[in-house]
Every structure is written in C-alpha cells, then in structure tokens.
Amino acid sequence: QVQLAESGGGLVQAGGSLRLSCAASGRTFGTYTMGWFRQAPGKEREFVAALSWSGANRGYADSVKGRFTISRDNVKNTMYLQMNSLKPEDTAVYYCAFRFGTISPRAPYDYWGQGTQVTVSS
C-alpha cells in the first residue's frame, strides 16, 4: 500500500509560479513511476508529467513543456512540480499518482492523492 499527500496549491496571478509537493509513504521501493495529473471543471483528468523511480526519465504533456518541471527528493521521499509562467488554463485540481513499473505513457496508476487546487487568475 502507498499513501500520497499533495500540498502547495493556491491562488496565483497569470505569469506567476507555484510548487506542488507530493509526500509518499508506505511500500515505496522497487521500480516505480510517479506522476502528476490535473482535472479542470467539466473536463476529463489529464496527464501533466511523470518521473521514473531513479529520476533518470521524465515526460511532460505538450501543454506544460518548458514551463513545468517535475523532480524528486529521495531523502524526503517527496516529488515536486515546479510550475512557472502559469496561465488561467492551468487552473485545475492537481493529483499526485504512483504506479509500480517503469515509466510508460498509457499505463494506469495504482495509487492517487486527494488532490490540491490550483487557481490562476487572469
């Protein structure tokens, strides 16, 4: 079992920055992938970014490339999403997710956090 807890969401003006954190606990060993997803009102949940357990491989949605950076601190067992140059269309609930196995674009995730709200005002 893996538990995930997001933090760091909030209200920011367009062009601003936020950093989301995802603290993982439980059976977080072996080969795994962690990712960020988001869901805006009235829309389906969408992939944002993913990071392999080693940190060597990462992927981003086209909509956030060059603006968002995914990273991790193995000592703290925490994953981060640094979001810069935020746009109103980035407004959504952001979810942290965890899956066992290597990074894979369409593989389902096994565990999810409760989500944190990010609101970008114009």
Side-chain angles (χ1 to χ4, degrees):
Q1 195 78 356
V2 174
Q3 294 78 42
L4 304 171
E6 303 100 332
S7 61
L11 173 64
V12 63
Q13 289 188 333
S17 299
L18 279 176
R19 189 177 80 157
L20 305 183
S21 300
C22 174
S25 60
R27 188 174 165 254
T28 58
F29 52 86
T31 300
Y32 60 88
T33 299
M34 294 185 73
W36 288 99
F37 290 76
R38 67 186 182 186
Q39 187 167 20
K43 295 186 177 181
E44 293 188 354
R45 186 170 59 195
E46 65 175 1
F47 168 78
V48 175
L51 182 66
S52 64
W53 66 276
S54 67
N57 297 303
R58 60 195 71 197
Y60 297 94
D62 289 342
S63 59
V64 306
K65 279 181 183 177
R67 300 188 298 121
F68 291 10
T69 303
I70 189 171
S71 63
R72 62 178 297 154
D73 183 329
N74 286 339
V75 174
K76 296 181 178 180
N77 219 14
T78 299
M79 178 179 66
Y80 303 98
L81 185 68
Q82 178 66 44
M83 305 185 294
N84 299 328
S85 301
L86 282 161
K87 305 174 182 180
E89 51 263 44
D90 294 318
T91 295
V93 177
Y94 283 71
Y95 296 91
C96 171
F98 178 104
R99 61 175 296 273
F100 291 104
T102 56
I103 193 168
S104 179
R106 294 178 178 80
Y109 282 73
D110 303 304
Y111 301 96
W112 295 84
Q114 81 286 354
T116 185
Q117 177 71 46
V118 171
T119 302
V120 184
S121 63
S122 57

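This structure is a prediction, so every number in the text was calculated from the model and none was measured.
Summarising the geometry of S122 relative to A14, their closest heavy-atom pair is CA-CB, 4.3 Å, with the distance given to 0.1 Å. Of all non-hydrogen atoms in V2 and L4, the two that sit nearest each other are CG1-CD2, 3.9 Å. Taking each heavy atom of L86 and L18 in turn, the nearest pair found is CD1-N, 3.9 Å. Between I70 and M79, the closest heavy-atom pair is CD1-SD, 3.8 Å. Of all non-hydrogen atoms in M83 and L20, the two that sit nearest each other are CE-CG, 3.7 Å.
Placement of V120 and V93 in two distinct hydrophobic clusters is found when ILVMFWY residues are connected by side-chain heavy-atom separations under 4.5 Å, directly or transitively.
Judged as a ring pair (Phe, Tyr, Trp, His ring centres under 6.0 Å), not a single pair has a partner in residues 50-89 (not counting sequence neighbours). Applying the disulfide (SG to SG under 2.5 Å) test to residues at least two apart or on different chains, the pairs with a partner in residues 63-103 are C22-C96. Annotation: side chain to side chain donor-acceptor pair (under 3.5 Å) contacts involving residues 94-107, sequence neighbours excluded, comprise R38-Y94. The list of side chain to side chain donor-acceptor pair (under 3.5 Å) pairs with a residue in residues 22-34, not counting sequence neighbours, reads Q3-S25, T28-N77, Y32-R72. Annotation: side chain to side chain donor-acceptor pair (under 3.5 Å) contacts involving residues 107-116, sequence neighbours excluded, comprise E6-Q114.
Remark: F47 CZ to R45 CZ distance equals 12.5 Å, nearest 0.5 Å. Rounded to the nearest 0.5 Å, atoms OG1 (T69) and CG (L81) are 8.0 Å apart.
By the side chain to side chain donor-acceptor pair (under 3.5 Å) test, K65 is found to be paired with D62, residues two or more places apart in sequence or in another chain being considered. With sequence neighbours excluded, the residues that form a side chain to side chain donor-acceptor pair (under 3.5 Å) with S52 are S54. For T119, the side chain to side chain donor-acceptor pair (under 3.5 Å) partners at least two apart in sequence or on another chain are Q117. By the salt bridge (Lys or Arg N to Asp or Glu O under 4.0 Å) test, E89 pairs with no residue at all, sequence neighbours left out. Evaluation of the side chain to side chain donor-acceptor pair (under 3.5 Å) rule for N84 yields S17, Q82 as partners, not counting sequence neighbours. Under the rule for a salt bridge (Lys or Arg N to Asp or Glu O under 4.0 Å), the partners of R67 that lie at least two apart in sequence or sit in another chain are D90.
In the hydrophobic clustering, I103 connects to no other residue, as no ILVMFWY side-chain heavy atoms lie under 4.5 Å from its own.
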